[in-house]
Amino acid sequence: MFGKGAKRKLDEEDDEGLEGQALASPVAPGAAGGPGPRWPEGPSKVSYTLQRQTIFNISLMKLMYSHRSPPAEPRLERRVLINNMLRRIQEELKQEGALRPPLLLLPPSPPPDDPMDETFREAPPAAGSGPGPASPGPPPAMPASPVTPASAAQLPQQLLALPPSPAPPPTPPPPPHTATPTCPPATPTGPAPMEACLTPASLLEDNDTAFCTLAPPTLPLSPPPTPPNCQPASPLPLPPRGPSPHGAGFFPPAPASLAPGPPAAIAKTAAAANTTTTSPTAPALPLPSPPLPLRDSRTTAPRAEVAVVSPSSIGVAADAAPASHPYPPAPPSPSGFLSDLALDDILFADIDTSMYDFDACTTAGAVTAKLSPAVTADDLLKSLTSPYAVAPAPQVSANQPFKIDLTELDHIMEVLVGS
Amino acid sequence: MAGGGSEDMQWCFSQVKGAIDDDVAEADIISTVEFNHSGELLATGDRGGRVVIFQQEVENKSVPEYRSEYNVYSTFQSHEPEFDYLKSLEIEEKINKIRWLPQKNASQFLLSTNDKTIKLWKISERDKRPEGYNLKEEDGRYINPGNVTSLRVPVFRPMDLMVEASPRRVFSNAHTYHINSISVNSDHETYLSADDLRVNLWNLEINDRSFNIVDIKPANMEDLTEIITAAEFHPNHCHTLVYSSSKGSIRLCDMRASALCDQHTKLFEEPEDPSNRSFFSEIISSISDVKFSHSGRYLMTRDYLTVKIWDLNMENRPIETYQVHEYLRNKMCSLYENDCLFDKFECCWNGNDSVVMTGSYNNFFRMFDRAQRRDATLEASREHNLPLQLLKPRRVCTGGGGGCSKRKKDEISVDSLDFNKKILHTAWHPNDNIIAVATINNLYIFQDKVSDPDSADDLSASDMMCTI
């Protein structure tokens, strides 16, 4: 090796198949613009999707999980880089998913306020500039971020849970450091902080009211947490993080194990997202399950499932998810997306069968997707009918948890992935 | 003898400092290493907020084989952990950087910094003390004035050398974000400190005021996508500084242009190689260290996989790129997962800018000889600790078992690398071929092999010991 630094040939026979694929597959240009994504054909596309999803989940986990025992300020560079990674993946999904039903994307960014931010103690910014109560108080966790309606439109993945944060539609997801330590970092566990994080009043008053009001139900929309032992085999050696010691469900409000501040908000949406990602194991997926039982399940749901993310299941879920998405097709215009969504629409809209049209959803041709409909459609219908039969809004989600046989699903998953 | 490069440089073990046991206390993890301007002193900082200074043994300086013997000179607690009550967050006492000031008098001065506070320390020697006080006993008690019958003038008598470190200035409350760099200006009056979003200029004499010269904080923090990772003053031009970013760009600023240097004078950025694009392109392009050459003509940057040398007169691409551990390119997903992809490796120049050095994993470190176009991989390990034992070049082979000759001891496969053993901090003596390499909790000192015309080059280590 001399000054020019000759590159080595890519080792395609890498033991970690996904590693090699990462290089083999082109990455769709993100915000920088450029040509659209070139989809590799066949199996490499699947692995590309799998890897992308894996990286997405890893990134979310990184933002949520802090190793520091006495909480120290999270490293800004790390958070910015992870956040950029998440944004890039979101952008890519957005570009890919023009045909896909409007799945709301989880913006991995925390609210604009942040212990690291100098304006931490200042009054909240004007509405529209993002939610972001600077006051350390209740409304924490709603990540200010923004789910760009456009990006929301595509999310194929499991990220069916709406990020509980409103935001002006076109705003890109804010970087983590803008997050507030929404839920007070010191509080270790608990339903109390969780509840406090759930419905930040300031968010509800925000521009995107419709989006904001979705906040509570979004939680229910996440599939019930799968027990950790149900995780399918994961091709990548994911870190066995194990259940959060604090037992927070979807909204781990900055327990000691979490980095205070920014990760908290991210954690919420991340947790929601992650739970949805693990939904593949529970094929029924993100349905408007009852907020109440879900809340309970949240509290009890170990955050382990966040770590339970299985690339294979994710990949399949990615394609299966759209089918199960109960949301009506969003209007194509990004700015109109959020405002058009109303709680009622989401909860009571008739299921548009186009969402079950896996051919449309999986134009990229994920092989496994073709099989998944057969598996999930029935389950989907089962779970879909009940919530929609119930009238009132907040209680909409049926009290029935998914009656999916997880072991059966695991088996199917392994068959799909193994083939 | 400064720098090398005429023949193949060979390196010998000299010393290792630090605990032997594998159970490493977090506080003992070395976080910075820096020679002073003469090379006589070597300072290390650790996560426990302590600074340990080693001094080159004077008696041995003339003996080439032992000129790299360093012994502990001074140890002091520089920073203590603090708690930010406002944000309920701890401020770590870890020493992020140490920079020596050029020596002006008998005392030595250095700047040490943690995430938030910079301190100026004076290290002074005391080897004499006054004795023979007229009014005091030797132990300090005052003599009854009535008993004083003669006049005595105290005289200074030699005593055992005592090295004292005292904080002369504390520069605090100027950084909201984590300080990653400090750099003393060539005017010897000012210095800069850089955090993730800002660069501040200080006067060494004034600790309650600093000037902000670079601020990349966006109006809306949600738009933040790039941060400052390192900054340094030019070694000769007191108006020039550079700072690197997490997106792989380096900006050179001239303070004469304006008070606030948000507009860069030069932007050094290499276009991305599209064939190497991956999810991790941005992360591995983040620059972890930036160092001017001693001449001031070149700039060296370290990102995750490479070391790049830039000519200050050419902004569009580096003049040299060295692959540090290209074999890790296929492992990036795992490295991302276990956070290794965020490791911040430093790099350093030798005295005459002909060789550059940086660290890697498995306690390997790499040297690139720019003139000879050679590179070497060496290991800092306790297995090769015989005095003056030659370090054998190591090699990392890729591809499972293929390509790795199992019988060669100096070859190791990528999958066997220990990613917990990382060498992030290295330093090169400014005037000599002596290097300090920090593993997690040990400091290794190596020197180049002294070629003895009377001895054959293939003497084994034990033979060398016998002849010396």
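Side-chain atoms are counted along with the backbone in the values below, which use heavy atoms only and exclude waters and symmetry mates. Everything numeric here is computed off the predicted structure, so don't read it as measured data. First the proteins, then the strands, lettered A, B, ... as listed; each starts at 1.
Residues B/I283 and A/M85 approach most closely at CD1-CE, 3.8 Å, considering heavy atoms. Closest approach of B/T225 and A/N84 over heavy atoms only: O-ND2, 2.8 Å.
Interatomic distance, B/S278 OG to A/I55 CD1, rounded to the nearest 0.5 Å: 7.5 Å. Expressed to the nearest 0.5 Å, how far CG of B/L197 lies from CD of A/E77 amounts to 11.0 Å.
Residue-environment remark: CG (B/N173) stays at or below the threshold of 12 foreign heavy atoms within 6.0 Å.
The shortest distance between side-chain heavy atoms of A/L81 and B/F280 does not fall below 4.5 Å. The shortest side-chain heavy-atom distance between B/E337 and A/T54 does not fall under the 4.5 Å cut-off. Put simply, the side chain of A/L76 reaches to within 4.5 Å of the side chain of B/L224, judged on heavy atoms.
A salt bridge is absent between B/E222 and A/R87: the closest approach of a Lys/Arg side-chain nitrogen to an acidic carboxylate oxygen does not fall below 4.0 angstrom.
Contacts between B/F342 and chain A at a heavy-atom distance below 4.5 Å involve the side chain alone, from C-beta outward. Only the side chain of B/T229 comes within less than 4.5 Å of a heavy atom of chain A; its backbone N, CA, C and O stay farther away. Of the two parts of B/K247, only the side chain, counted from C-beta on, holds a non-hydrogen atom closer than 4.5 Å to a non-hydrogen atom of chain A. Residue contact with chain A, scored on non-hydrogen atoms closer than 4.5 Å, involves the side chain of B/D115 exclusively.
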Check: Are B/F279 and A/F56 close enough, and set up right, to give a ring-ring contact (aromatic ring centres under 6.0 Å, His included), and what steps lead you there?
Finding: CA-CA 10 Å; B/F279 288 110; A/F56 191 92; over 10 Å; no

